[in-house]
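Quick notes on the structure that follows.
Residue numbers begin at 1 in each chain, while the letters A, B, ... track the order of the sequences. Scope of the values below: all heavy atoms of this structure, side chains included, with no hydrogens, waters or symmetry mates.
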Number of protein chains: 2
Amino acid sequence: MTISEENYIKVIYHLSLVSPKGVNTNAIAGMLDTKASSVTDMLKKLSDKDLVSYQKYQGVTLTDKGFFSAKMIVRKHRLWEVFLVDKLGFSWDEVHEIAEELEHIKSEQLINKLDAFLGFPVADPHGDPIPDAKGVIKKIEKQLLSEVEINASFHCVGVKDSSTDFLKYLDKQKIALGSVVKVIDREDFDDTLTVEIDGKRLTISNKIANNLYVQ
Amino acid sequence: MTISEENYIKVIYHLSLVSPKGVNTNAIAGMLDTKASSVTDMLKKLSDKDLVSYQKYQGVTLTDKGFFSAKMIVRKHRLWEVFLVDKLGFSWDEVHEIAEELEHIKSEQLINKLDAFLGFPVADPHGDPIPDAKGVIKKIEKQLLSEVEINASFHCVGVKDSSTDFLKYLDKQKIALGSVVKVIDREDFDDTLTVEIDGKRLTISNKIANNLYVQ
DNA sequence: TTTTATTTTTAGTTTTGTCTAAATTTAATT
DNA sequence: AATTAAATTTAGACAAAACTAAAAATAAAA
């Protein structure tokens with residue numbers, strides 16, 4: 001697989017999680033910042049290689065082979081992110097771009113040794129699950145902070161939005177994965193939350209709460 | 001720079017060390033397993049980018065800019081090799097190919113953090129020097145085992161040939177970087193050496209001695 | 001159910017890096 | 001110095017992955 005093919009497979013994988021019946025050409029083009037016509041060309045190629053099933057105008061789904069390939073790419077991406085943060089001292093908002101390159105390094109032995117070196121982590125620095133060598137993904141129990149009951153405590157376990165802006169906001173508020181959040185109150189009018197983190201009161205907008213996973 | 005351009009620059013760098021007045025088109029083609037006509041095309045492009053100075057039929061040399069780029073690629077290659085051996089447990093004959101891919105990962109911050117993580121190593125697993133972030137290469141004092149005086153002791157500090165076959169031969173004979181070699185005798189007829197390593201007598205052909213650096 | 005709008009595909013180009021085959025330049029030999 | 005051999009370059013073509021513009025199919029609206 002070329003780097004370009006891998007990028008398509010990965011994007012189709014992520015979009016499949018949202019629309020499992022079939023992924024649109026335009027959606028893929030949007031994610032890859034390319035044109036619909038380029039996507040059509042590539043879908044034909046991926047279909048010839050039996051990585052996707054594709055019927056003109058009907059959207060595309062991954063075959064078993066494509067699904068496994070996608071999980072291996074995601075595995076590599078997330079393991080490298082763990083390496084960058086845990087071993088090299090990058091912050092969680094700096095690692096995505098570099099991992100986008102590292103995920104295309106080919107050696108299977110490399111990734112399995114890296115996995116062992118990192119202690120077989122089950123989640124990346126943003127709380128996203130890491131597929132194991134067989135492609136099995138351990139489901140991480142989680143709820144959005146916007147949807148939990150009030151008067152209870154939770155651990156932060158992940159973020160839905162991994163944008164730099166959001167991650168930097170969390171850094172500023174000293175919210176990290178593992179932080180304990182006690183939900184004090186929810187405002188009826190706009191769903192703003194009052195929470196307590198490390199004994200400190202904090203007001204959190206619904207948009208924030210809607211992008212933070214807790215357990 | 002594209003991956004392909006980086007590969008050309010790297011090859012020209014290595015060949016320059018042997019023929020500093022100018023590197024031949026065919027030599028480059030041989031190293032990259034490509035055709036002379038492809039090399040000519042690329043030399044024009046590299047020349048336009050001011051990475052090499054190139055005059056038709058006259059061979060090619062690196063500009064200062066090209067020379068620095070080359071050293072940064074070599075730096076990345078060798079640092080990744082150290083990582084693979086020291087941290088992930090690869091053996092020294094397994095790392096070249098993987099490092100060939102890793103050397104093209106772009107982030108400068110990444111490579112400097114990796115350097116620090118590895119403890120600022122000065123040589124890779126084969127004893128080759130690692131350029132620092134400014135491109136400075138600390139010269140490693142070394143002689144070929146084939147050229148040292150007899151009745152003296154040395155440390156193995158590097159290999160000239162990094163082929164799997166040679167490295168596996170050294171593994172079999174329990175010769176590693178750091179091993180102490182005492183040169184007992186040299187046969188006049190074919191320059192075969194009798195040496196002592198870890199108290200064990202060993203006969204070594206001239207071809208072997210000619211590819212092992214000691215100090 | 002037509003008509004309109006949107007999405008997707010086709011057809012034809014472009015760029016990058018490669019190739020083959022032919023032409024040219026340099027080097028070696030008689 | 002002329003001829004042959006080797007190395008190098010040019011010219012033209014191709015595959016991969018992208019693009020633009022136009023055509024076709026599907027979905028939405030009147």
Practice prompt. Report yes if a side-chain nitrogen or oxygen of A/Lys35 is closer than 4.0 Å to either non-bridging phosphate oxygen (OP1 or OP2) of D/dA18; otherwise report no.
Written response: no
Worksheet item: Would you say a side-chain N or O of B/Lys44 is under 4.0 Å from OP1 or OP2 of D/dT9?
Response: no
Worksheet entry | Residues that B/Phe154 engages under ring-ring contact (aromatic ring centres under 6.0 Å, His included), provided they are two or more places apart | none
Got a list of side-chain donor-acceptor pairs under 3.5 Å for residues 16-39 of chain A, not counting sequence neighbours?
residue : atom : partner : partner atom : Å
A/Ser16 : OG   : A/Ile12 : O            : 2.6
A/Ser19 : OG   : A/Leu15 : O            : 3.3

Fill in: Inter- and intrachain pairs under side chain to side chain donor-acceptor pair (under 3.5 Å), touching residues 60-70 of chain A, at least two apart
A/Ser53-A/Thr61
Discussion item. Rounded to whole Å, please give me the gap between CG in B/Asp33 and C1' in C/dT18.
Written reply: 12 Å
Discussion item. Per the side chain to side chain donor-acceptor pair (under 3.5 Å) rule, what does the pair list look like for residues 138-150 of chain A, sequence neighbours excluded?
Written reply: A/Ser146-A/Asn210
Extract from the structure each pairing of a protein N or O with an N or O of nucleotides 11-16 of chain C at less than 3.5 Å, listing the distance.
none

Check nucleotides 22-26 of chain C against the protein and report each pair of N or O atoms closer than 3.5 Å, with its distance, or say if there are none.
residue : atom : partner : partner atom : Å
C/dT25  : O4'  : B/Tyr57 : OH           : 3.4

Worksheet item: Ignoring hydrogens and geometry, is there a side-chain-to-backbone donor-acceptor pair from B/Arg78 to B/Ile73 under 3.5 Å?
Response: no
Practice prompt. Could you tell me which residues satisfy side chain to side chain donor-acceptor pair (under 3.5 Å) with B/Glu97, sequence neighbours excluded, listed by chain and number?
Written response: none
Worksheet entry | Contacts of A/Lys71 that satisfy salt bridge (Lys or Arg N to Asp or Glu O under 4.0 Å) - sequence neighbours left out | none
Throw together a table of side-chain donor-acceptor distances under 3.5 angstrom for residues 109-124 of chain A, partners on residues two or more places apart or in other chains.
residue  : atom : partner  : partner atom : Å
A/Asn112 : OD1  : A/Arg75  : NH2          : 2.7
A/Asn112 : ND2  : A/Glu108 : O            : 3.4
A/Asp115 : OD2  : A/Arg75  : NH1          : 3.1
A/Asp115 : OD2  : A/Arg75  : NH2          : 3.1
A/Asp124 : OD1  : A/His126 : N            : 2.7
A/Asp124 : OD1  : A/Gly127 : N            : 3.1
A/Asp124 : OD1  : A/Asp128 : N            : 3.0

Worksheet item: How would you label the contact of B/Ser38 with the nucleic acid (heavy atoms, under 4.0 Å): base, sugar-phosphate, or nothing?
Response: base
Worksheet, complete the sentence: Closest non-hydrogen atoms of B/Leu177 and B/Pro125, given as atom of the first, atom of the second and distance, are CD1-O, 3.4 Å
Worksheet item: Does any residue of residues 9-24 of chain A have a heavy atom under 4.0 Å from DNA chain C, and if so, which ones, in number order?
Response: A/Asn24
Worksheet entry | Listed partners of A/Tyr8 passing ring-ring contact (aromatic ring centres under 6.0 Å, His included), at least two apart | none
Fill in: By ring-ring contact (aromatic ring centres under 6.0 Å, His included) - contacts of A/His104 (at least two apart)
none
Discussion item. Let's see if you can work this out: which of C/dT8, C/dT18, D/dC19 has an atom nearest to the side-chain heavy atoms of B/Thr34?
Written reply: C/dT18
Fill in: Below 4.0 Å: OP1/OP2 of C/dT9 and any side-chain N or O of A/Thr40
yes
Worksheet entry | Rounded distance (Å) that lies between atom C1' of D/dA18 and atom CD1 of A/Ile28 | 16 Å
